[in-house]
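Take a look at the structure set out below.
Order of the sequence lines sets the chain letters (A, B, ...), proteins ahead of strands, with each chain counted from 1.
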There are 2 protein chains.
Amino acid sequence: MKIDGIDKKIIRSLIKDARTPILSIARDVGISGAAIHQRLRKLEKSELIDGYQMMINPKTLGYNTIAFVGLFLENTAVLSSIIKRLKEVSEVVECHYTTGNFTIFIKVLCKNNEDLMRVLETKIKEIKGVVRFDTFTSLNKQIDRQVHV
Amino acid sequence: MKIDGIDKKIIRSLIKDARTPILSIARDVGISGAAIHQRLRKLEKSELIDGYQMMINPKTLGYNTIAFVGLFLENTAVLSSIIKRLKEVSEVVECHYTTGNFTIFIKVLCKNNEDLMRVLETKIKEIKGVVRFDTFTSLNKQIDRQVHV
DNA sequence: CCTGAAACTCCGTGATT
DNA sequence: AATCACGGAGTTTCAGG
């Protein structure tokens, strides 16, 4: 997949604000709206673009605690069924299968530390196959961005 | 901040696709476009909405490796200058100040394992104040979503 | 908090270079 | 791969219930 400077400008505009009108990008870039439209269609077809999302600020909903939790599993644990159970825990917003000390690594979003404890104790620890876990609580998110284009 | 069922429908539509026309949401919900527009303005003012982003699929650009890296710092390390240096490393897409074993926890996006090694050895290890780090490489992202609304 | 209507802007496509 | 032109659609604002 090769993208040129104009594509980069389109992408950067839309990463910053996905609702930027095509025509306004066109004016910025200096070519017609139809041309931008064509390029965008091509980018979407190439699967470089994985959709457009409204971003929610979790703090406004009272979610103030981010934690990363590494799970240690029993040797006999069935991975797919653990993933399935984790999907049912709405506080789990990311889940990775990893190398290193852990087997599964998750990112959890909770209201506060007590809520985090509750989620870990009543929802994560209860999952069959999970032996123990290590928790890293984020006090402050300093960087949050996408792949550099 | 209190949001009702209609707000939730608007938010869910736009999380799924930030470019969904207001009028199409209006038809779904069964009220006028102007009403949806008004609610959206209010949600934006409330800071519940943190913008709209085009989502890039890193794999299409050759970025196939996600790693979480916990950094151990010298006691004398100056946090703000380390953050500043990390911002200059484009592969670092998230950075948290954490409790637990580490001081700083980052998420890194690289082309492959060799690239990850290069970034860690030549860009992270070189930062003054960073003593050592633990790396967890994601083999597979199973869940990736936003706070539940 | 909603509606309908008006004015404005944008989108998507087809024909053309 | 860009342009223009055009009809259909979406956005935004406002007066009014």
Side-chain angles (χ1 to χ4, degrees), chain A residues 1-63 90 111 144-149, chain B residues 1-63 111 145-149:
Chain A
M1 183 61 208
K2 79 173 204 207
I3 55 177
D4 66 10
I6 294 180
D7 290 326
K8 284 188 185 175
K9 281 188 181 175
I10 297 172
I11 292 168
R12 287 182 187 144
S13 291
L14 292 171
I15 285 181
K16 208 183 287 174
D17 180 3
R19 288 179 82 89
T20 313
I22 290 176
L23 284 176
S24 122
I25 299 173
R27 285 187 292 266
D28 264 22
V29 175
I31 61 176
S32 72
I36 302 287
H37 184 263
Q38 258 177 46
R39 283 170 173 267
L40 204 47
R41 284 289 155 277
K42 202 198 285 184
L43 291 170
E44 278 164 0
K45 272 204 177 160
S46 78
E47 295 185 314
L48 176 76
I49 297 174
D50 203 29
Y52 303 86
Q53 288 192 20
M54 170 193 270
M55 308 308 287
I56 301 300
N57 180 353
K59 290 189 181 176
T60 315
L61 294 172
Y63 289 84
S90 66
K111 305 233 175 199
D144 192 6
R145 60 190 176 193
Q146 292 199 44
V147 58
H148 182 256
V149 181
Chain B
M1 183 61 206
K2 79 173 203 206
I3 55 178
D4 66 11
I6 294 179
D7 291 325
K8 284 188 185 175
K9 282 188 180 175
I10 298 172
I11 292 168
R12 287 183 189 143
S13 292
L14 292 172
I15 285 181
K16 208 182 290 172
D17 179 3
R19 289 178 82 89
T20 313
I22 290 176
L23 282 177
S24 121
I25 299 173
R27 284 187 291 266
D28 264 21
V29 175
I31 61 177
S32 72
I36 302 286
H37 185 263
Q38 267 176 34
R39 282 170 173 266
L40 205 45
R41 285 288 156 276
K42 201 199 283 184
L43 291 171
E44 280 165 358
K45 273 206 177 158
S46 78
E47 297 185 314
L48 176 76
I49 297 174
D50 204 28
Y52 303 86
Q53 288 192 22
M54 171 193 269
M55 307 309 286
I56 301 300
N57 180 354
K59 290 187 182 177
T60 315
L61 295 172
Y63 289 84
K111 305 232 174 200
R145 60 190 176 194
Q146 292 199 43
V147 59
H148 183 255
V149 181

Legend entry - Over all atoms of both residues, closest heavy-atom pair of A:Ala18 and B:Met54: CB-N, 3.6 Å

Inset, instruction - Side chain of A:Arg41 only, please: which of C:dG12, D:dT12, D:dA1 is the nearest? - result: C:dG12

Legend entry - Nucleotide nearest B:Arg39 when distance is taken to its side chain, options C:dC11, D:dT12, C:dC1: C:dC1

How about [X] and [Y]: do any of their side-chain heavy atoms sit closer than 4.5 Å?
X: B:Leu23; Y: B:Arg27; answer: yes
X: A:Ile36; Y: A:Ile22; answer: yes
X: B:Arg12; Y: B:Lys8; answer: yes
X: A:Tyr63; Y: B:His148; answer: no

Inset, instruction - Evaluate whether atom CD of B:Glu47 has more than 12 neighbouring non-hydrogen atoms of other residues, nucleotides or ligands under 6.0 angstrom away. - result: no

To the nearest Å, how far apart are [X] [atom1] and [N] [atom2]?
X: B:Arg27; N: C:dC2; atom1: CZ; atom2: P; answer: 18 Å
X: A:Lys45; N: C:dG12; atom1: NZ; atom2: C1'; answer: 14 Å
X: A:Asp4; N: D:dA1; atom1: CG; atom2: P; answer: 8 Å
X: B:Ile3; N: C:dC1; atom1: CD1; atom2: P; answer: 13 Å
X: A:Ile22; N: D:dA9; atom1: CD1; atom2: P; answer: 17 Å
X: A:Lys42; N: C:dG12; atom1: NZ; atom2: P; answer: 17 Å
X: A:Asp17; N: C:dC10; atom1: CG; atom2: P; answer: 13 Å
X: A:Ile10; N: C:dC11; atom1: CD1; atom2: C1'; answer: 15 Å

Legend entry - Point-to-point distance, once rounded to the nearest 0.5 Å, from CD1 of A:Ile11 to CG of A:Leu43: 5.0 Å

Legend entry - Option from B:Gln53, B:Gln146, B:Arg19 for which side-chain hydrogen bond (donor to acceptor under 3.5 Å, both in side chains) with A:Gln53 holds: B:Gln146

Inset, instruction - Pull out every stem in DNA chain C, meaning runs of 3 or more consecutive Watson-Crick or G-U wobble pairs with both distances under 3.5 Å. - result: C:1-17 with D:1-17

Inset, instruction - Could you tell me whether the phosphate oxygens of D:dG10, OP1 or OP2, come under 4.0 Å of any side-chain nitrogen or oxygen in B:Arg19? - result: no

Legend entry - side-chain N/O A:His37 vs C:dG12 OP1/OP2, d < 4.0 Å: yes

Inset, instruction - In plain terms, say whether A:Arg39 and A:Asp7 are close enough for a salt bridge, that is, a side-chain N and a carboxylate O under 4.0 Å apart. - result: yes

Contact list (N/O, under 3.5 angstrom) for nucleotides 3-6 of chain C vs protein:
unit_1: C:dT3; atom_1: OP2; unit_2: B:Ser32; atom_2: N; d: 2.6
unit_1: C:dT3; atom_1: OP2; unit_2: B:Ser32; atom_2: OG; d: 2.7

